[in-house]
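Whatever order the structure lists them in is the order used to number ligands and atoms, beginning at 1. As the structure is a prediction and not an experimental result, all values here were calculated from the model.
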Amino acid sequence: MTAASRVDLADILREAGLRVTAPRVAVLFEVTAGNHVTAEQVAAAVRDRDGTISTQAVYDVLGALARAGLVRKIEPAGSPARFETRVGDNHHHAVCRSCGTIVDVDCVVGEPPCMLPSDASGFVIDEAEVTFWGLCPKCQTTSKPQEKENAT
Ligand SMILES: [Zn+2]
Ligand SMILES: [Zn+2]
């Protein structure tokens, strides 16, 4: 994804009914530029580029962006929450068990819910979220993924 300009991001915030603030633009910028980033990664990137921001402030902004539907929060088991700006298409994710890399898995239908359980027990289903677990291409070539930190 190409990084959007900050002017565009301000427009996106405004259209979502959010007040435009420097931290919101900075956080949205980093989520747009990143790939399923954690709040910690966003905080580090904003500090790098724009100066101080507290991690708590980043969490607050991410929460506001998620409530406004601008970012999607995904929470793979055993991993910190990740954030992305690809929203509304009910795509799924594949997570690498070894290094934690997350990639998008497109859904054929594209709109939630893109699949239905064989028996929904009377529920009206409006979203389906599937996490595929496995090893990414890089980790498949490492014979002992657990020892990757001592590999060199
Ligand atoms: Zn991996
Ligand atoms: Zn995704």
Side-chain angles (χ1 to χ4, degrees), residues 1-6 8-18 23-50 53 55-117 120 123-152:
M1 187 188 295
T2 52
S5 85
R6 297 191 180 223
D8 292 341
L9 295 176
D11 281 345
I12 289 169
L13 288 168
R14 226 172 271 122
E15 275 161 28
L18 292 176
R24 283 177 177 171
V25 172
V27 167
L28 189 55
F29 180 86
E30 299 305 340
V31 177
T32 305
N35 169 35
H36 303 104
V37 284
T38 65
E40 295 289 344
Q41 287 169 333
V42 171
V46 172
R47 278 184 210 121
D48 254 17
R49 222 186 291 267
D50 297 290
I53 187 168
T55 304
Q56 187 55 49
V58 169
Y59 275 106
D60 292 347
V61 170
L62 286 169
L65 296 178
R67 279 192 299 279
L70 294 178
V71 304
R72 177 172 166 191
K73 181 182 186 181
I74 48 173
E75 297 178 283
S79 151
R82 313 288 192 98
F83 298 87
E84 66 179 331
T85 51
R86 183 177 165 181
V87 295
D89 67 351
N90 205 185
H91 70 274
H92 305 297
H93 294 100
V95 184
C96 177
R97 284 189 194 284
S98 178
C99 69
T101 292
I102 298 186
V103 296
D104 288 335
V105 177
D106 285 340
C107 162
V108 183
V109 180
E111 284 169 26
C114 64
M115 64 183 79
L116 291 170
F123 279 56
V124 176
I125 305 296
D126 59 28
E127 190 180 344
E129 191 173 338
V130 176
T131 305
F132 300 93
W133 294 88
L135 285 180
C136 72
K138 214 165 92 193
C139 292
Q140 287 169 45
T141 61
T142 313
S143 54
K144 294 178 182 169
Q146 298 83 355
E147 292 173 21
K148 66 183 189 309
E149 270 154 34
N150 307 324
T152 50

Quiz item: More than 12 heavy atoms of other residues, nucleotides or ligands under 6.0 Å from CZ of F123: is that the case?
Solution: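 Result for CZ/F123: open.
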Quiz item: Is E127 atom CD crowded by more than 12 heavy atoms from other residues, nucleotides or ligands, each under 6.0 Å away?
Solution: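 It does: E127 CD has more than 12 such atoms within range.
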Exercise. Give, rounded to 10 degrees, the angle between SG (C136) and SG (C96) as seen from the Zn ion (ligand 1).
Key: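 The angle at the Zn ion (ligand 1) comes to 110°, rounded to the nearest 10°.
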Quiz item: Does N90 use its side chain to pair, donor to acceptor, with the backbone of A128 at less than 3.5 Å?
Solution: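 Checking the backbone N and O of A128 against the side chain of N90, a donor-acceptor pair under 3.5 Å is found.
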Quiz item: Any donor and acceptor pair, going by atom type alone, linking the side chain of E84 with main-chain N or O of R72 inside 3.5 Å?
Solution: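 Not a single qualifying donor-acceptor pair exists.
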Self-check item: Whether H93 has an N, O or S atom under 2.8 Å from the Zn ion (ligand 2)
Solution: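 Checking H93: at least one N, O or S atom is under 2.8 Å.
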Quiz item: When you measure from the Zn ion (ligand 2) to each N, O or S atom of H91, which atom gives the shortest distance?
Solution: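 The atom in question is NE2.
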Self-check item: Where the Zn ion (ligand 2) is the vertex, angle from E84 OE1 to D104 OD1 to 10°
Solution: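 With the Zn ion (ligand 2) as the vertex, the angle is close to 120°.
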